Each structure stands twice: as structure tokens, then as C-alpha cells.
Visitor: 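Pasting a structure here, questions to come.
The figures here come from the full heavy-atom set of this structure, side chains too, leaving out hydrogens, waters and symmetry mates. The shown structure was predicted, so the numbers you read here are calculated from the model rather than taken from an experiment. Quick note on labels: first sequence line is chain A, next is B, and so on, each numbered from 1.
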Amino acid sequence: MSSLKLFISDSLHGLLGYSDSALSSYILSLALTKCSSAGSLERELRDSGIDSKGLGNFVREEKKEKKDKMKEGEKEGEEEVEMKTGKRRKTQNEGSSSEDETTVVRRKKVSGRVVKKGEKDEAAEKDEATEKEMEEIRDQREKEEFEKRLLERDSKNTKKKGAGEQDAGPGADVSKITSSEVEKMREESRMAYLEQREEKELRLLEMSIKDEEEMFRGVERTPKEMERLELNKKILAMAKGRKKKEDEEEEGYRVPDGFMDEEGMINKDKKEGVMKQRYKEDKEEKGEEELWMESQINKSKIGGGKEGRKKEGEKEYELVFDDEIEFVVGNKRKGKNKKGEEVGSDDEKKLPVYAYRQEFLDAMKDHQVLILVGETGSGKTTQIPQYLHEAGYTDYGKVACTQPRRVAAMSVAARVSVEMGKRLGAEVGYQIRFEDCTSEKTKVQYMTDGMLLRCFLTEPDLKSFSCLIIDEAHERTLHTDILFGLVKDIVRFRSDLKLIISSATLNAEAFSAYLDDAPIFMIPGRMFPVDILYTKQPEADYVDAAVVTTLQIHVTQKIGSGDILIFLTGQEEIEACAETLTMRTKGLGSRIPELIICPIYANLPADQQAKIFEKTPPNARKVVIATNIAETSLTIDGICYVIDSGFAKQKSYNPKTGMESLVVTPISQAASNQRSGRAGRTAPGKCFRLFTAWSFKNELEENTVPEIQRTNMGNVVLQLKALGINDLLNFDFMDAPPAETLMRAFESLYALGALNDKGDLTKLGRRMAEFPLEPMLSKAVIIAEKYKCVKEILSTVSMLSIGASVFYKPKEKAVHADQARMNFARGGGGDQISLLRCYNEWEENDHGTQWCFENFVQVKSMRKARDIRDQLAGLCERVEMEETSCGLDNFEPVLKSFTAGFFFNVAKLSRSGDYTTVKSRTTCYLHPGSVLAKDEVPSKWLCYFELSFTTKEYMRQCCPIKGEWLVELAPHYYSGEDIEEAKGKKMPKQRQYNKTR
DNA sequence: GAGCACTGC
């Protein structure tokens with residue numbers, strides 16, 4: 001609490017200090033009451049912090065170390081390993097090698113079958129097998145040998161023990177193992193893990209060397225690159241040399257395979273007995289977690305699943321991987337309407353919603369507001385608006401249905417227009433940014449939620465609508481959350497307006513409570529049951545675990561039983577996962593059916609994205625490796641197995657520094673359930689969660705923190721202000737954003753001149769709200785009029801607002817891509833001017849695709865930039881802003897205009913050579929991707945587009961500016977003092993003037 | 001020398 005107080009008084013001092021402090025005390029009191037009543041300070045702090053709890057950090061750390069390890073080559077301390085495998089290790093120690101138990105089960109199969117295969121291969125390998133395959137075989141050998149030794153030793157131990165116990169008399173426990181033996185076993189398993197890891201790293205290293213040599217043949221390489229390559233080669237040679245030596249040494253221990261086979265069987269039973277005994281002992285100690293898991297398992301059995309499916313399934317395994325993961329059956333997601341007929345042509349009649357038509361219309365008659373709960377497949381999105389239309393609600397206004405995504409709005413509208421037999425754009429239409437497919441005749445209108453929000457600006461009472469349906473409300477996007485507040489207000493004074501909040505999850509009570517206890521109307525979904533399986537122990541590396549699980553599914557489940565969908569966090573992981581999968585399936589060759597690997601993430605070029613929708617050929621299985629994009633945005637048919645890493649990248653915002661960060665965070669229970677639902681769309685499915693049932697219950701939040709609580713609110717505040725909502729701190733948010741975030745938004749809008757000292761919208765603010773841009777960008781556009789560079793700033797702003805996806809950098813042509821990008825930087829001006837040059841050149845080349853290709857620029861992004869630019873230009877025309885131009889030779893006006901919007905984001909070069917933000921004194925770094933990163937003489941002053949924390953505080957999209965500009969452009973924010981230090985001499989003290997507002 | 005999850009106006 002005290003820290004918040006401090007912050008508020010601080011910021012008010014800096015910002016509002018000069019003015020009459022009516023606003024400040026007002027805001028302060030509101031902020032404080034809001035904050036204490038919401039009790040959200042703790043959450044805020046957590047949100048703004050960079051550390052995510054749970055496994056996220058661990059995994060990251062672990063990965064980084066993995067890389068380090070690879071560089072260090074063979075140096076590997078025991079302690080380090082202990083740390084790396086910490087999570088897994090811990091449970092193993094506590095839960096006392098339940099893993100070993102399974103290792104034995106596996107071992108039998110490995111030696112029983114794969115070895116024989118291996119022998120055959122060995123005969124033929126000289127002529128046939130590729131180098132990689134040979135290595136695979138050798139790997140396999142090594143592991144098996146190690147396991148055999150382990151078994152042998154174990155059997156000796158057990159025998160010895162057995163003899164000893166007999167001496168001690170009857171009743172002595174055969175299964176008791178001394179602690180030194182436990183220690184030994186631990187070490188063994190540690191070694192095994194280490195060995196496996198080492199092999200993997202080596203293989204990867206080898207591949208990367210090979211790749212580099214092949215792909216860059218004939219391409220000039222920098223000395224650094226050459227150096228790295230040489231170093232890698234050296235490491236590989238050294239490691240291989242050592243391996244060879246070890247192999248030779250091991251040769252002496254070799255035991256005939258056949259012998260081991262049998263021996264393995266005998267040992268297995270004994271050891272299993274031992275392990276089970278210990279397992280039970282431990283379970284008693286462990287208590288809650290195990291008990292809960294057990295209860296979950298029993299529940300699923302009662303639930304009518306195929307009892308003991310897992311146990312039986314194991315026996316069916318033909319091919320077992322030595323790093324196999326064990327899963328525990330968890331609860332079952334119950335299917336709705338188990339018969340679930342195939343979707344046919346007249347399927348809407350079979351949709352669950354159909355049976356509720358009359359009931360629904362009756363409910364509509366009685367209530368103004370209704371919460372509609374219907375899971376995926378209930379048909380609510382397509383049918384409900386039609387029912388309303390048929391019932392005559394469209395006689396005095398349109399029925400609007402909002403969707404969080406453009407594609408959804410378009411496709412649903414198209415579907416409904418077919419069902420109604422009307423042309424799209426006539427009675428049924430949609431409205432999204434850049435596309436208005438409606439007409440005067442339109443009765444049923446689908447639109448994005450952001451679009452409806454924009455409608456409020458022109459039509460505050462929404463009088464052209466008779467019904468509003470806010471669909472997918474459970475997603476809690478920023479726009480839906482704001483809509484809630486606005487529509488709640490509207491229904492109070494427009495008794496003729498009907499409101500439906502439609503959600504797919506059961507936490508509808510929250511919506512109901514928020515909307516004055518509105519009645520909840522339930523429609524069952526059409527879902528198939530999904531078995532949920534958890535890992536028995538935490539997995540240290542979920543990417544690796546996902547690969548293994550995929551192979552397990554692929555090998556053990558019948559081909560044609562369904563495709564696999566893996567949820568990972570981002571491009572990097574997806575690529576790594578796809579690579580490992582390719583490698584391992586290649587290694588297995590024809591022993592397994594074909595596995596088609598399809599990565600998908602938003603930045604993937606469209607043609608590659610389309611691959612996931614191709615039908616899987618018979619005798620093959622598709623595995624889709626996706627980000628969250630597959631959670632909501634797209635539906636892939638035929639998925640029956642979902643592998644859920646339990647993580648996603650989530651944006652969080654720290655209002656103190658204004659810094660956004662994208663962090664790998666554990667997902668919520670709700671999100672995990674959403675993911676598992678993806679397995680049961682066309683047939684009964686299974687969801688493999690790569691975490692334990694315990695962590696699901698105890699470590700995952702129940703619901704995802706709504707976006708409104710972890711994002712910058714500048715734009716929202718400006719828009720709400722433009723709608724005439726003045727008392728924002730008392731605005732009826734369903735979940736209020738953190739007070740600090742609102743404060744920061746106020747502060748920045750005030751400094752930009754969008755709000756006056758009373759907190760009211762200024763003329764400038766009203767103009768800014770017209771632009772569909774972040775306030776700082778809008779300001780830059782408006783100021784450009786003064787500096788006569790509107791044409792240039794519009795292009796720059798459009799390019800900036802599409803994000804970082806402009807330049808495309810394929811791995812194999814990274815050097816060329818970088819070169820192409822640096823070409824745009826020639827002539828100076830930093831990233832902003834580079835983007836401007838890029839846009840201009842594209843325009844000069846007739847918006848050509850070929851040009852994009854040659855310059856490693858993404859066409860998709862450029863087209864988007866053009867759309868945005870056209871829209872902005874249109875808006876400028878409407879406010880009679882002339883499209884002036886300053887040309888490219890003198891780009892100073894462009895940078896000045898940009899700085900006029902982004903003067904918050906200015907960093908100064910300190911003596912130590914780092915940059916420090918001028919006001920908040922945060923140390924930050926020039927992003928290596930910036931064109932300025934290669935400059936030899938760093939600019940004294942930088943103005944950046946965004947500050948984002950990844951591994952460091954990085955400034956992205958930076959341009960060099962002059963210190964004097966700050967006093968000229970933002971005299972109320974910067975004084976001479978702020979810049980004199982860098983100038984080295986005293987500047988005449990400038991009086992604050994702030995009377996213009 | 002890093003790495004950008006997903007949306008939307």
C-alpha cells in the first residue's frame with residue numbers, strides 16, 4: 001500500500017504538480033479506495049514482476065544451461081546435473097524411484113524387440129544405413145548396455161540382500177535396501193540421464209555443423225562465424241574422441257543379448273516387487289497429492305471409461321522408447337450428446353440449440369439481459385441471431401453479434417447467410433476493420449468487438465440495434481471487457497434493447513453477478529468425451545516430453561484413430577520440437593508409420609500454414625505443433641490427441657516502467673480445459689498433460705487473468721474519455737484494471753495533451769481518439785501537420801503499428817536478410833526511417849511481391865501496413881489535414897514528429913556506455929535487431945518505440961534524436977536540467993509554461 | 001547479437 005501511495009504522489013508531483021491539484025487529490029483518493037477495495041495490489045505486483053511462478057522459470061533456466069553445457073563440451077559436474085534435473089530428481093527422491101520401476105518394464109521390451117531389430121540392421125547397415133541411422137543404433141546399444149549392467153548389478157544386490165535377510169531369520173523384509181544402495185541407484189540413474197543428454201547434444205551439434213557447411217557453401221562468412229564453426233568442430237571431435245574411448249572400455253563388460261533377455265525378465269519381477277513396496281511406503285508419507293490423484297483415477301473408472309486401459313495398453317506396446325513418459329489417468333471430460341452425429345448438410349436441425357428454440361425465445365421475452373452458456377458445437381453463434389430475427393426483433397433495429405476475431409465474424413456471417421438463403425451483405429452481413437460488408441437492408445450483423453466499440457463513438461446509444469450478443473465472452477479480451485461496462489450502462493436507459501452475453505464456460509455465474517443477477521440459460525454442447533492423462537512426475541523439459549509422448553501415441557495407437565495436436569509456447573520451441581521429431585522418426589525409419597509434422601504459429605507464412613488443413617492420408621498420422629493460435633483461432637479437424645505443455649507466452653505490463661514483457665507462464669486450469677476440448681471435436685479423444693495432476697490442482701490458477709489487468713490502458717482511457725465517461729476510476733469494470741495502470745494512462749494522456757488538468761478531454765485529445773492507433777502514435781500523426789511531413793509519418797506509423805513482422809529472416813539466408821535490412825538504414829535515421837524507406841520503396845515498386853521477396857520483406861505485413869495507411873489517410877482527409885511531405889533527404893521533421901508522441905521513451909547515453917531512460921532512470925539496452933546496433937558511434941539520445949523485457953530491458957525500434965528537441969517538443973515534461981548534463985554545460989533555466997492547456 | 005504468444009481498431 002505504501003509503495004502505491006508513494007508512486008502516486010510521486011507521479012502527481014512530476015506531472016500535475018503545477019496545476020490546481022483538484023484532479024490530483026481526486027484521483028489519489030479514488031485510486032486508493034479502488035485499490036484497497038479491490039485488494040488487487042498483490043496481484044498487480046505479481047503481474048508487473050517478471051518472474052512467473054512455477055515451472056516456467058525452471059525450464060527456462062534449464063534450457064539456458066543446456067546451451068551453456070553444449071559449449072563447455074565435456075565439462076560436467078555432478079552438482080550441475082543435480083540442478084538441471086532438479087524438478088524431476090526431487091520427486092524421484094521423494095517418491096523414491098517410481099521411475100526405476102517403469103524403467104524395468106521398459107527394459108524388457110527394449111531388449112526383447114528393438115535389439116533384435118538392431119541386429120538385423122547391423123548386418124545390413126554397412127551398405128544401407130546412413131551415418132545417422134548408425135549412430136542411432138549405436139546410441140541404442142549404449143543405452144541398452146548400460147541398462148543391462150544396471151540390472152545385473154541390481155540382481156546381485158537383491159540376491160545378496162536375500163541371503164543376508166535369511167540369516168537374520170524369517171519375517172525379515174527382502175525388499176529393504178540400504179541407503180548406500182539407494183544412493184548408488186540414484187547415481188546410476190543420474191548417469192543414465194546425463195549420458196542420454198550428452199548424446200542428444202552431440203547429435204545436434206553435429207547436425208548444426210553439417211548444416212552450416214552445406215548451406216553456406218560458397219557464401220562469404222565473417223571471421224566470427226568461421227571461428228564459431230571451428231570451435232564447434234573442435235568440441236565435437238573432442239567429445240567424440242572421449243566417447244570412443246569409453247566405448248572401448250565398455251566393450252569388456254558386454255554380456256550376450258540373449259542371456260540378458262532372460263535375466264532381465266527375472267530381475268524385473270523382483271525389482272518391481274521391491275519398487276512397489278517402496279512406492280507404497282512413500283505414498284503413505286506423501287499423503288495428499290497421491291490420494292487426490294488416486295481419487296481422480298477412481299473417479300474416471302466410475303465414470304465408465306475403459307477400466308485399466310493404461311495397464312493393458314502398455315502391454316500392447318510394440319516399440320518402447322527408453323525415455324518413455326508415464327501417464328496417470330485423470331478425470332474425464334464428459335462428452336455432451338454422446339451420439340454426436342456426423343455433421344451433414346442439414347445439420348443445424350441436429351444442433352443442440354435447436355431443441356431450445358422456444359424456451360430461449362420465451363426467456364428473451366421475459367428478460368432484458370440473458371447469460372447464454374453453450375459449449376463449443378452447440379450452434380449458438382449461428383442460430384441465436386437467426387431466432388431473434390425470425391421472432392421479429394429485427395423489425396425495429398439490427399441484431400448484432402460480436403466476435404473477438406475478424407475471421408470468425410466473416411466466416412460465421414457467411415455461414416448464416418447460406419443458412420438463411422440470403423446474399424452475404426444483404427440481410428446478413430459483417431463489419432470488421434477495413435471491410436464493411438453490410439447494407440441498409442442488413443438485419444443480422446456480425447462484427448468484431450473492437451468494431452462495436454468504435455460504433456459507440458458515432459452512436460453512443462446504439463439506437464440502430466435492437467439486440468446485442470456479445471459472444472465468446474469467456475475469452476475476456478480487452479474489448480469485450482470494456483463492452484461489458486458500456487452495454488451494462490446502456491441497457492439501463494434503453495429498456496427496448498436486449499442483451500445476451502454468451503460464454504462457453506461454466507463460470508457464467510461471474511457474468512450473471514456482474515449483470516445484476518441476470519438469468520443463465522444453458523445449452524448443452526456437442527462434444528465427445530476426452531480422457532485426461534497427467535504425467536506421473538513433473539517433466540523437466542516439456543518440449544522433449546512432448547516429442548516422446550507424440551512418438552508413444554504414434555506407435556501405440558492405431559493409425560487412423562486420429563491426429564495429434566501439441567501446444568507449445570512459441571516459434572522457437574515449435575521449430576525445435578519439429579526438428580527433434582523429424583530426427584527421431586527418421587531414425588526409426590520404416591518401423592513406424594509415416595508421421596506428418598505440421599508446425600503452426602501466427603508468423604508462419606500463409607502457404608505453410610495451409611498445410612495443417614490438408615487431409616491426412618491413410619497409413620499416416622498428422623502431428624500439429626501449435627501455439628495458442630490453435631486454442632481459439634483455428635479449428636483443425638481430426639484431432640483426437642492433445643498434448644498440453646501447460647505453458648503459454650503471456651504479455652504482462654508494468655505500469656511503473658511502462659515496460660511490457662512476454663513471459664512463458666503456466667496456463668490456467670480453464671485454458672488447459674479449453675485445450676483438452678480440442679481433442680473431442682470429431683471423436684472421443686485423449687489429452688496428455690505434461691504436468692502432474694497435483695500441479696494442475698495446486699499450481700495452476702483457476703482462470704486466466706483478464707487482458708484488461710495486464711495491458712497498457714492508454715488507448716482505452718482515451719476512448720472512454722471520448723465517449724464522455726469521465727469518472728473512469730469508478731467505471732463499472734467487471735474486473736478493474738490495476739489502479740497504477742490507470743494512473744499511468746492518465747499521466748501519459750495528460751502529458752500528451754489529450755487531457756487537461758481537470759482530467760477532461762482536450763480538443764487535441766478528441767482528434768487523437770479519432771485515429772485507431774495508440775495515443776502516442778496518434779499524437780505523432782497530428783503533430784506531423786505542424787512539421788509538414790504527414791505523408792512520411794503516416795507510412796512510418798503504419799509500419800510501426802504492424803509490429804516486428806516486417807522483415808523475414810530465413811535461417812539459411814540470414815546474412816543476406818540482414819544485408820537487405822541494413823540497406824534501408826543507409827542514410828541514417830534509425831529504425832523509424834528505415835521502415836519509412838522500406839515502405840516508400842515498396843510503393844515505388846508498385847507494391848510488388850517480387851520486390852518483397854528480393855528484400856526479405858513479408859508481403860502480408862506490407863499489405864497490412866498499406867491498409868492501415870490508407871485508413872489513416874482517409875481519416876486525415878476527414879479532419880482536413882493536408883498530406884504534406886518533407887521528402888526523404890531531410891527526415892528530421894519525421895523524427896521530430898515521432899518524438900513529439902514518444903517523448904516518454906527517451907534514453908540518454910550514460911558514461912558507462914549504457915542507456916538510461918531520462919525520467920524513470922531505468923537502464924535499458926539497444927535491441928541487437930535495431931539498425932543502430934551496428935553503429936560505431938552511439939547516439940547520445942535515443943527515442944524508442946517500445947521497451948520490452950526479454951532477457952534484458954530492450955529498446956526496440958529506435959531513432960537518434962537531439963536533446964534540445966525534448967524541451968522544444970515537450971516543455972511541460974522536460975526542462976533544461978534534464979538535458980544539460982549530457983551537453984556538459986549549463987543551459988539557461990527555462991521557466992515551465994503550461995498555460996496553453 | 002536477440003528471438004515476437006494471440007487478438008483488435
Visitor: Near DNA chain B, under 4.0 Å by heavy atom, which residues of residues 717-724 of chain A?
Guide: none

Visitor: Between Arg821(A) and Val857(A), is there a side-chain heavy-atom distance shorter than 4.5 Å?
Guide: no

Visitor: I want to check something: taking the side chain as every heavy atom from C-beta on, are Arg406(A) and Tyr430(A) in contact at a cut-off of under 4.5 Å?
Guide: no

Visitor: Would you say dC9(B) has OP1 or OP2 under 4.0 Å from some side-chain N or O of Arg406(A)?
Guide: yes

Visitor: Which pairs of donor and acceptor atoms, one on a side chain in residues 867-879 of chain A, lie under 3.5 Å apart (sequence neighbours left out)?
Guide:
{"unit_1": "Arg869(A)", "atom_1": "NE", "unit_2": "Ser795(A)", "atom_2": "OG", "d": "2.7"}
{"unit_1": "Arg869(A)", "atom_1": "NH2", "unit_2": "Lys791(A)", "atom_2": "O", "d": "3.0"}
{"unit_1": "Arg869(A)", "atom_1": "NH2", "unit_2": "Glu883(A)", "atom_2": "OE2", "d": "3.1"}
{"unit_1": "Gln871(A)", "atom_1": "OE1", "unit_2": "Arg433(A)", "atom_2": "NE", "d": "2.7"}
{"unit_1": "Gln871(A)", "atom_1": "OE1", "unit_2": "Arg433(A)", "atom_2": "NH2", "d": "2.8"}
{"unit_1": "Arg878(A)", "atom_1": "NH2", "unit_2": "Glu770(A)", "atom_2": "OE1", "d": "2.9"}

Visitor: Would you tell me if any nitrogen or oxygen in the side chain of Thr448(A) comes within less than 4.0 Å of OP1 or OP2 on dC9(B)?
Guide: yes

Visitor: Rounded to the Å, how far apart are Glu946(A) CD and dA2(B) P?
Guide: 17 Å

Visitor: In whole angstrom, give the distance that lies between atom OH of Tyr430(A) and atom P of dG8(B).
Guide: 13 Å

Visitor: For Gln571(A) and dA2(B), give me the distance from atom CD to atom C1', rounded to whole Å.
Guide: 13 Å

Visitor: Could you state the atom-to-atom distance from CZ of Arg433(A) to C1' of dC9(B) in whole Å?
Guide: 5 Å

Visitor: Looking at residues at least two apart in the chain, or sitting in another chain, which of them share a side-chain hydrogen bond (donor to acceptor under 3.5 Å, both in side chains) with Ser801(A)?
Guide: none

Visitor: Starting at CG of Asp818(A) and ending at P of dG1(B), how long is that distance when rounded to a whole Å?
Guide: 13 Å

Visitor: Regarding Lys649(A) and Glu573(A), does a basic nitrogen lie under 4.0 Å from an acidic carboxylate oxygen?
Guide: no

